[in-house]
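Report on one structure; see the data block that follows.
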Amino acid sequence: GDVEKGEFGTAITSIGRWNHIEQGRMAATQKAEQERRKRAQDAGRHQHEQELLVDMVCHEIRNPLNGIINNAELMSTALGARAAMLRTIAATIGEIHYDKCHQIIDDDREAIRSIDVCAKHQLVVTNEVLEMSRLHAGRVRLNLVAFCPHELIATLHHMFEAEMATYDI
């Protein structure tokens, strides 16, 4: 008939249950570790994709900015040549026309200077974004650069001078 389990049988049953519970815990721990690794891989891949996007956008912005800067330089050179021509024909056109033409050239020179300053500033910002991306990725060293705060403020003032005049500031 019936076999009596006794203390030994109860102990085996308890060990079996404990073993089952422990296997469940281990499976849950392994699953959690696999999910953690997957999240870490996904985060790493996402970060890499963001870095690539920042790099691509910065390079795409830098190219037109360099074109703007180069064209502003060409316009400035051409404007200098026009000013020289104007000086040579000043006697022919009369002082009133000369003054008007000279004022137009001066205004154009200021506009070109503003374009150049703004484009160079935007290029600095773009380069800094690219540097931050590289720094975050551990691919860059920091270099300390001395600068003159008064010069920086004067440059910023010039950048927004036309806009301030528009709004009578």
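Below, all heavy atoms of this structure are taken into account, side chains as well, without hydrogens, waters or symmetry copies. Nothing fancy with the numbering, it's 1 onward along the sequence.
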Verify same cluster id: [X], [Y] (apolar side-chain graph, 4.5 Å):
X	Y	result
Met75	Ile104	no
Phe160	Ile112	no
Leu152	Met159	yes
Val117	Leu156	yes
Leu123	Phe147	no

*What is the minimum heavy-atom distance between Ala119 and Leu65, and which atoms define it?*
O-CD2, 3.9 Å
*Shortest non-hydrogen contact between Ile105 and Leu86, atoms and distance*: CD1-CD2, 3.8 Å
*What's the verdict on side chain to side chain contact (heavy atoms under 4.5 Å, CB included) for Ile69 and Lys120, showing C-alpha distance, side-chain angles and the deciding distance?*
CA-CA 7 Å; Ile69 292 167; Lys120 285 179 179 173; 3.6 Å; yes
_Note: Glu35-Lys38 ion pair, threshold 4.0 Å (strictly below)_ = no
*Short N-O contact, Arg39 and Asp42, less than 4.0 angstrom*: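 Result for this pair is no, no salt bridge flagged.
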Nearest 0.5 Å, what's the [atom1]-[atom2] distance between [X] and [Y]?
X	Y	atom1	atom2	answer
His102	Arg82	NE2	CZ	15.0 Å
His158	Met164	NE2	CE	10.0 Å
Cys118	Glu163	SG	CD	9.0 Å
Leu130	Glu51	CG	CD	11.0 Å
Ile89	Met85	CD1	CE	6.0 Å
His150	Ile153	NE2	CD1	7.0 Å

*Any side-chain heavy atom of Val54 within less than 4.5 Å of one from Cys58?*
yes
*Does the side chain of Asp55 reach to within under 4.5 Å of the side chain of Ser133, using non-hydrogen atoms?*
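Yes, close enough: below the 4.5 Å cut-off.
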*Could you note down all residue pairs passing salt bridge (charged side-chain N to carboxylate O under 4.0 Å, His left out) where residues 98-109 supplies at least one of them, sequence neighbours left out?*
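Pairs touching residues 98-109 that pass the test: Asp106-Arg109.
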_Residue pair Glu49, His46: steps toward the side-chain hydrogen bond (donor to acceptor under 3.5 Å, both in side chains) verdict_ = CA-CA 5 Å; Glu49 289 170 358; His46 181 70; 4.5 Å; no
*Crowded around Gln50 CD? As in, over 12 foreign heavy atoms under 6.0 Å?*
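Enclosed: over 12 neighbouring heavy atoms sit under 6.0 Å from CD of Gln50.
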*Does a sphere of radius 6.0 Å around NE2 in His59 hold more than 12 heavy atoms from other residues, nucleotides or ligands, not counting ones at 6.0 Å or beyond?*
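It does: His59 NE2 has more than 12 such atoms within range.
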*Counting N and O atoms only, with roles assigned by atom type, does the side chain of Thr155 sit under 3.5 Å from a partner on the main chain of Glu151, one being a donor and the other an acceptor?*
yes
*Test item: Ser114 side-chain N/O and Glu110 main-chain N/O as donor-acceptor pair under 3.5 Å*: yes
